[in-house]
Amino acid sequence: MVTRGFSSGRKPPTDTDARIPPGQYLEQGFPVLSAGPTPRVRTEDWSFTLKHGPRPIKKWSWTEFNALPLTKMTRDIHCVTAWTKFDTAWQGVLVDDFLADAGIEPPSPFTLALSFDGYATNVPTKDLTAGKAMVALLYEGKPITPDHGGPARLLVPHLYFWKSAKWLNGLQFTERDEPGFWELRGYHIYGDPWREQRYTGDP
């Protein structure tokens, strides 16, 4: 028996509901969004440089980088434009693993991700380590296409996807939290989808 006035009519949340951050909708495709034209970077021309401030620490060629330990990561991703895509499957090199190959511990609390097209985005270093982030080389078992950031992109799935910089060519450790391309244009300095940190002034 249901007593009038004591039934909300709401369905209990499903597992799908629990996986979608506030203000997001579930996307079955994979929309392509970029700040500018898509660069075409050949793997023969690709390199990845780790820097502390302006000082290079180590540089890898495509062949050298692909020789590092590869890890598979399947995660939900969340775009600031409000779509969420479930169970995206990536393979690449964990940030922890190329730091180990360079023989260093993270030297500063902040990091800038740098791209071939001049794009940059800031991420606290602690959000890149302890298995949280990778430089992705494959998507669903295949090379990442240029429109999705290939040949290599950063993957930081627990933050809004603009933090997962496309066409990555380096990480630069910084002493302060330096805003990148979108952060300078009004996007949130951190970008946690579960707190809806889309724009400057959001909590």
Side-chain angles (χ1 to χ4, degrees), residues 30 32 34-77 85-175 178 180-181:
F30 197 161
V32 175
S34 301
T38 298
R40 305 286 168 171
V41 183
R42 302 188 309 164
T43 55
E44 303 96 306
D45 301 325
W46 184 90
S47 64
F48 180 81
T49 304
L50 194 62
K51 298 192 290 184
H52 185 192
R55 180 178 64 86
I57 299 171
K58 185 161 184 175
K59 184 176 182 178
W60 294 265
S61 68
W62 179 258
T63 300
E64 291 166 340
F65 200 79
N66 277 263
L68 297 176
L70 297 180
T71 298
K72 293 181 178 179
M73 184 182 287
T74 300
R75 297 288 188 275
D76 300 344
I77 56 175
K85 184 172 177 61
F86 286 169
D87 299 320
T88 61
W90 307 86
Q91 188 170 357
V93 181
L94 292 175
V95 173
D96 305 283
D97 287 334
F98 63 74
L99 289 179
D101 189 66
I104 66 164
E105 295 290 330
S108 67
F110 302 107
T111 304
L112 277 174
L114 307 173
S115 300
F116 276 90
D117 64 341
Y119 179 88
T121 190
N122 61 307
V123 185
T125 305
K126 64 181 177 60
D127 286 276
L128 298 176
T129 55
K132 296 176 186 174
M134 67 163 53
V135 175
L137 307 173
L138 301 173
Y139 176 68
E140 293 190 337
K142 298 178 181 179
I144 301 171
T145 58
D147 57 340
H148 285 300
R153 72 174 299 157
L154 187 62
L155 178 68
V156 192
H158 63 285
L159 299 180
Y160 278 124
F161 211 48
W162 92 78
K163 296 289 186 176
S164 295
K166 296 181 177 183
W167 314 298
L168 194 71
N169 69 348
L171 291 182
Q172 180 179 8
F173 293 109
T174 59
E175 298 301 325
E178 300 181 18
F181 180 88

Measure the [atom1]-[atom2] distance between [X] and [Y] for me, rounded to the nearest 0.5 Å.
{"X": "K142", "Y": "I144", "atom1": "NZ", "atom2": "CD1", "value": "13.5 Å"}
{"X": "D76", "Y": "D87", "atom1": "CG", "atom2": "CG", "value": "5.5 Å"}
{"X": "Q172", "Y": "N122", "atom1": "CD", "atom2": "CG", "value": "12.0 Å"}
{"X": "T74", "Y": "F86", "atom1": "OG1", "atom2": "CZ", "value": "14.0 Å"}
{"X": "I77", "Y": "L159", "atom1": "CD1", "atom2": "CG", "value": "13.0 Å"}
{"X": "D97", "Y": "L68", "atom1": "CG", "atom2": "CG", "value": "7.5 Å"}

Output all residues satisfying side chain to side chain donor-acceptor pair (under 3.5 Å) with [X], sequence neighbours left out; order by chain, then residue number.
{"X": "W90", "answer": "T88"}
{"X": "S61", "answer": "E64"}
{"X": "S115", "answer": "none"}
{"X": "T174", "answer": "none"}

For a quick test of reading the model, state the closest non-hydrogen atom pair linking [X] to [Y] and the distance between them.
{"X": "S34", "Y": "D147", "value": "OG-O, 4.4 Å"}
{"X": "P146", "Y": "W167", "value": "O-NE1, 2.7 Å"}
{"X": "L168", "Y": "A113", "value": "CD1-CB, 3.9 Å"}

Inset, instruction - Using ring pair (Phe, Tyr, Trp, His ring centres under 6.0 Å) as the criterion, list what pairs up with F161, not counting sequence neighbours. - result: none
Legend entry - Residue list, ring pair (Phe, Tyr, Trp, His ring centres under 6.0 Å) with F98, at least two apart or on another chain: F48, W60, F65
Legend entry - Any donor-acceptor pair under 3.5 Å from T49 side chain to G170 backbone: no
Inset, instruction - Answer yes or no: is there a donor N or O on one side and an acceptor on the other, between the side chain of T111 and the main chain of P124, under 3.5 Å? - result: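 The answer is no, because no donor-acceptor pair under 3.5 Å joins these two groups.
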Do [X] and [Y] come within less than 4.5 Å of each other through their side chains, counting heavy atoms only?
{"X": "L171", "Y": "V123", "answer": "no"}
{"X": "I104", "Y": "F173", "answer": "yes"}
{"X": "W62", "Y": "V41", "answer": "no"}
{"X": "E178", "Y": "F110", "answer": "no"}

Inset, instruction - Report the residues that fulfil side-chain contact (heavy atoms from CB on, under 4.5 Å) with N169, sequence neighbours left out, ordered by chain and then residue number. - result: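 Applying side-chain contact (heavy atoms from CB on, under 4.5 Å) to N169 gives L114, F116.
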Inset, instruction - For P109, check side-chain contact (heavy atoms from CB on, under 4.5 Å) against everything at least two apart and list the hits. - result: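 Applying side-chain contact (heavy atoms from CB on, under 4.5 Å) to P109 gives E175.
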Report all side-chain donor-acceptor pairs from residues 148-158 shorter than 3.5 Å, counting only partners two or more places apart or in another chain.
from: R153; atom 1: NE; to: S164; atom 2: O; distance (Å): 3.4
from: R153; atom 1: NH1; to: H148; atom 2: O; distance (Å): 2.7
from: R153; atom 1: NH2; to: S164; atom 2: O; distance (Å): 2.6
from: H158; atom 1: NE2; to: D127; atom 2: OD1; distance (Å): 2.8

Inset, instruction - Please report the C-alpha distance between T125 and V95 in whole Å, then the side-chain angles of each, then the deciding distance to 0.1 Å, and finally whether the side-chain contact (heavy atoms from CB on, under 4.5 Å) criterion is met. - result: CA-CA 10 Å; T125 305; V95 173; over 6 Å; no
Inset, instruction - Please identify each residue that fulfils salt bridge (Lys or Arg N to Asp or Glu O under 4.0 Å) with K166, with sequence neighbours left out. - result: none
Inset, instruction - Evaluate whether atom CD of E44 has more than 12 neighbouring non-hydrogen atoms of other residues, nucleotides or ligands under 6.0 angstrom away. - result: yes
Legend entry - Sequence neighbours excluded, every pair satisfying salt bridge (Lys or Arg N to Asp or Glu O under 4.0 Å) that has a member inside residues 45-60: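 Matches after skipping sequence neighbours: R42-D45, K58-D101.
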In residues 128-141, what donor-acceptor pairs under 3.5 Å come from side-chain atoms, sequence neighbours left out?
from: K132; atom 1: NZ; to: K126; atom 2: O; distance (Å): 3.1

